[in-house]
Amino acid sequence: MKEESFFELVYDVVSLIPPGRVTSYGAIARYLGSPQAARTVGWALNKSFSSAGFIPAHRVVNRNGLLTGKFHFGYFEAMKELLESEGIRVDHDCVVDFERLFWDPSKELDGLAFIIEEDE
DNA sequence: GTTATGACTGCGA
DNA sequence: TTCGCAGCCATAA
């Protein structure tokens, strides 16, 4: 069963991001096997608003820790407030201590009984 | 069916 | 240092 597409996997990974943590599009994409498919990750999140349940897309930022998709949340401070609500400090649309809060699925989920990457 | 775009990333000049 | 281009997957027109 792992017929899930790249698209579906994004939802799974993003949904697994623990509160107070953030990750990058490239990290997710890399975990899925295509580090350069980060664009698709962002695109998936864009649809997440009208697709799957709630996707903590606010925990997903670009490699610089910059809230690049903030303007997709309705208003610019929405993403920031969501992050601060989880204890993540955001300064000028940039995640503070981004590398410290960085949550890498290929690391955190490495070895865990995840849903994908185990169809063999 | 093809073409264009998108919340990205990495490398080259 | 900054600027520009190419690559990846999926959706929309």
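Remember, predicted model here, so these are calculated numbers, not experimental data. Just so you know, these numbers use all the heavy atoms, side chains as well, and skip hydrogens, waters and symmetry mates. Chain letters run A, B, ... following the sequence lines, proteins first, then strands; residues in each count from 1.
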J.: Using whole Å, report how far CZ of F7(A) lies from P of dT11(C).
T.: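 After rounding, the gap between these two atoms is 6 Å.
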J.: Rounded to whole angstrom units, what separation is found between the CZ atom of R39(A) and the P atom of dC5(C)?
T.: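 It is 13 Å, rounded to the nearest whole Å.
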J.: Which part of the nucleic acid does A44(A) contact within heavy-atom distance under 4.0 Å: base, sugar-phosphate only, or nothing?
T.: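 Answer is nothing: A44(A) stays at 4.0 Å or more from every strand.
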J.: With a 4.0 Å cut-off on heavy atoms, is R63(A) in touch with a base, just the backbone sugar-phosphate, or nothing at all?
T.: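 Touches sugar-phosphate only.
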J.: Taking side chain as C-beta onward, heavy atoms only, is L45(A) less than 4.5 Å from Y25(A)?
T.: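 The answer is yes; the side chains approach within 4.5 Å.
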J.: Taking C-beta and beyond as the side chain, do V95(A) and L67(A) meet within less than 4.5 Å on heavy atoms?
T.: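 In short, these two side chains touch, coming nearer than 4.5 Å.
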J.: Could you say whether T40(A) or S24(A) is positioned toward the 5' end of DNA chain B, judged by the nucleotide with the nearest heavy atom to each?
T.: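 Result of the comparison: T40(A).
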J.: What integer distance in Å separates L32(A):CG from dA10(C):P?
T.: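 The answer, rounded to whole Å, is 10 Å.
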J.: Considering only heavy atoms from C-beta outward, does the side chain of K47(A) approach that of F7(A) to under 4.5 Å?
T.: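 The answer is yes, as the side chains (C-beta and beyond) meet within the 4.5 Å cut-off.
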J.: Can you give me the first and the last nucleotide of DNA chain B (5' to 3') that has an atom within less than 4.0 angstrom of a non-hydrogen atom in chain A?
T.: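 Contact boundaries, 5' end first: dG6(B) to dG10(B).
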J.: Could you tell me whether the side chain of R89(A) and the main chain of V96(A) form a donor-acceptor pair under 3.5 Å?
T.: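 The answer is no, because no donor-acceptor pair under 3.5 Å joins these two groups.
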J.: Could you tell me whether the side chain of N62(A) reaches within less than 4.5 Å of the side chain of F98(A), counting heavy atoms only?
T.: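 Heavy-atom side-chain distance check fails, nothing below 4.5 Å.
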J.: Quick one: R30(A) CZ to dC9(C) C1', roughly how many Å, whole number?
T.: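 In whole Å, dC9(C) C1' lies 18 Å from R30(A) CZ.
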J.: Nearest-Å distance, CD (E8(A)) to C1' (dT11(C))?
T.: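 Checked: the CD to C1' distance equals 13 Å.
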J.: Is any side-chain heavy atom of V22(A) less than 4.5 Å from a side-chain heavy atom of W103(A)?
T.: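 V22(A) vs W103(A): side chains apart.
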